[in-house]
Amino acid sequence: MKDNVKSGALTEVTFFILLALYEPKHGYAIMQFIDEKTGGRLVLGAGSLYGALNTLTDKGWIEPYGESGGRTKEYVITDAGREIAEKELLRLRELTATAATIMGK
Amino acid sequence: MSIVKRRYFAGFLGSQTKWLNSMAAKGYRLTETGKLKYVFDECTPGQYIYTVEYVGDRSLEDEENYKAFLEDMGYRVFYKNLNLDYSLGKVTFRPWADRGGRISTLGTTYNKELLIVEKENDGTPFDLHTEKEDRIEYYSRLSYPWYFAVFLALLLALIYWPNVFPTALCGGLAIFFALPIIVMALRIRKIKKESKLEE
């Protein structure tokens with residue numbers, strides 16, 4: 001997951017995980033969310049998702065949600081994660097606006 | 001009806017995966033693993049699909065978390081040993097493990113270096129690592145123990161020098177241990193090449 005923090009560009013997987021976690025979810029639900037929102041285009045392996053969740057937790061963009069007593073671990077986006085996701089939305093809007101102007105669409 | 005098969009695949013994860021999938025295709029589902037032992041129950045042919053993952057460089061906590069995570073995904077997960085060792089009270093040092101090496105003992109991650117993961121066969125490939133960087137990292141991690149093995153073999157070759165036979169034997173072993181490193185390096189190169197093409 002090579003997110004470019006300086007430019008604000010996130011990988012598609014990172015952005016989708018952050019979006020999925022606006023509501024708390026466990027791993028399987030995140031996978032289902034990505035599958036549903038991309039119509040099955042973006043397939044994320046469980047090992048890659050596990051690594052991504054750990055990386056995003058280390059970055060402070062997401063955090064474990066609720067008591068850890070239950071077996072299934074849930075995650076939720078943090079304030080820092082929301083800020084990153086909002087910046088990415090702005091970047092994508094600027095990009096699509098520029099593209100639309102140039103392409104006359 | 002259960003059947004018991006005895007096999008040893010050492011570090012050849014691909015061969016182990018292929019064999020488990022060929023058993024599943026014949027209608028045998030894995031139910032238990034031992035050092036050499038694989039126990040299967042009859043099932044519908046092709047109902048399940050398997051993959052084998054190396055986790056020997058993870059801490060006990062991370063290994064257990066990862067196993068629980070995969071089980072939450074709806075997969076069945078079995079621990080499997082990478083090496084054959086029948087001694088008790090075993091302690092081993094894994095210098096290739098993360099953060100400058102790791103001590104492994106019986107009761108922790110010793111004899112739990114591999115995970116065999118099973119899912120219902122839905123016709124899609126069973127890849128745990130789908131992201132480019134994650135796959136590169138995984139293949140790199142798979143190479144580290146072999147680097148250590150090559151180093152040890154070369155060290156032994158140096159110690160035995162100039163005795164021709166043991167030196168040649170250790171040198172040959174070093175070449176044999178280097179083969180998986182070359183395979184992983186080629187896989188990493190292929191991923192990098194593919195990602196350049198995608199750009």
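Proteins come first, then strands; the chains are lettered A, B, ... in the order of their sequence lines, and each starts at number 1.
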Does CZ belonging to R189(B) count more than 12 external heavy atoms closer than 6.0 Å?
no

Residue pairs fulfilling side-chain hydrogen bond (donor to acceptor under 3.5 Å, both in side chains) with at least one residue in residues 12-21 of chain B, sequence neighbours excluded:
Q16(B)-Y38(B)

Hphob cluster co-occupancy, L173(B) + L158(B), side-chain heavy atoms under 4.5 angstrom:
no

Flag if over 12 foreign heavy atoms under 6.0 Å of OH, Y22(A):
yes

NZ of K73(A) to CG of D72(B), rounded to nearest 0.5 Å, is 10.5 Å

Decide yes or no on side-chain contact (heavy atoms from CB on, under 4.5 Å) for L128(B) and Y50(A), but give the supporting numbers first.
CA-CA 10 Å; L128(B) 292 175; Y50(A) 179 81; over 6 Å; no

Who in residues 23-42 of chain A is close to chain B, using a strict under-4.5 Å heavy-atom cut-off?
G27(A), Y28(A), M31(A)

Decide if atom CG of D79(A) counts as having more than 12 heavy atoms of other residues, nucleotides or ligands within a radius under 6.0 Å.
no

Any salt bridge (Lys or Arg N to Asp or Glu O under 4.0 Å) pairs touching residues 22-34 of chain B, not counting sequence neighbours?
R29(B)-E118(B), E32(B)-K37(B)

Contact class of F126(B) relative to chain A, heavy atoms under 4.5 angstrom
neither

CZ-CG distance between F69(B) and L53(A), expressed to the nearest 0.5 angstrom:
5.0 Å

Which heavy atom in L70(B) sits nearest to a heavy atom in A46(A), and how many Å separate them?
CD2-CB, 3.6 Å

Mind listing the closest non-hydrogen atom pair of T130(B) and V43(A) along with its distance?
OG1-O, 3.6 Å

Please list, chain by chain and in numerical order, all residues satisfying side-chain hydrogen bond (donor to acceptor under 3.5 Å, both in side chains) with N163(B), sequence neighbours excluded.
none

Linked, directly or transitively: L169(B) and L154(B) (ILVMFWY side chains, under 4.5 Å):
no

Answer yes if V39(B) and V117(B) sit in the same cluster of Ile, Leu, Val, Met, Phe, Trp and Tyr residues linked by side chain heavy atoms under 4.5 Å apart, and no otherwise.
no

Shared hydrophobic cluster for I181(B) and V183(B) (ILVMFWY, side-chain gaps under 4.5 Å):
no

Candidate list E133(B), R135(B), K132(B), E131(B), test side chain to side chain contact (heavy atoms under 4.5 Å, CB included), partner S48(A), passing option
E131(B)

Once rounded to the nearest 0.5 Å, what's the spacing between atom CG of L49(A) and atom CG of D134(B)?
10.0 Å

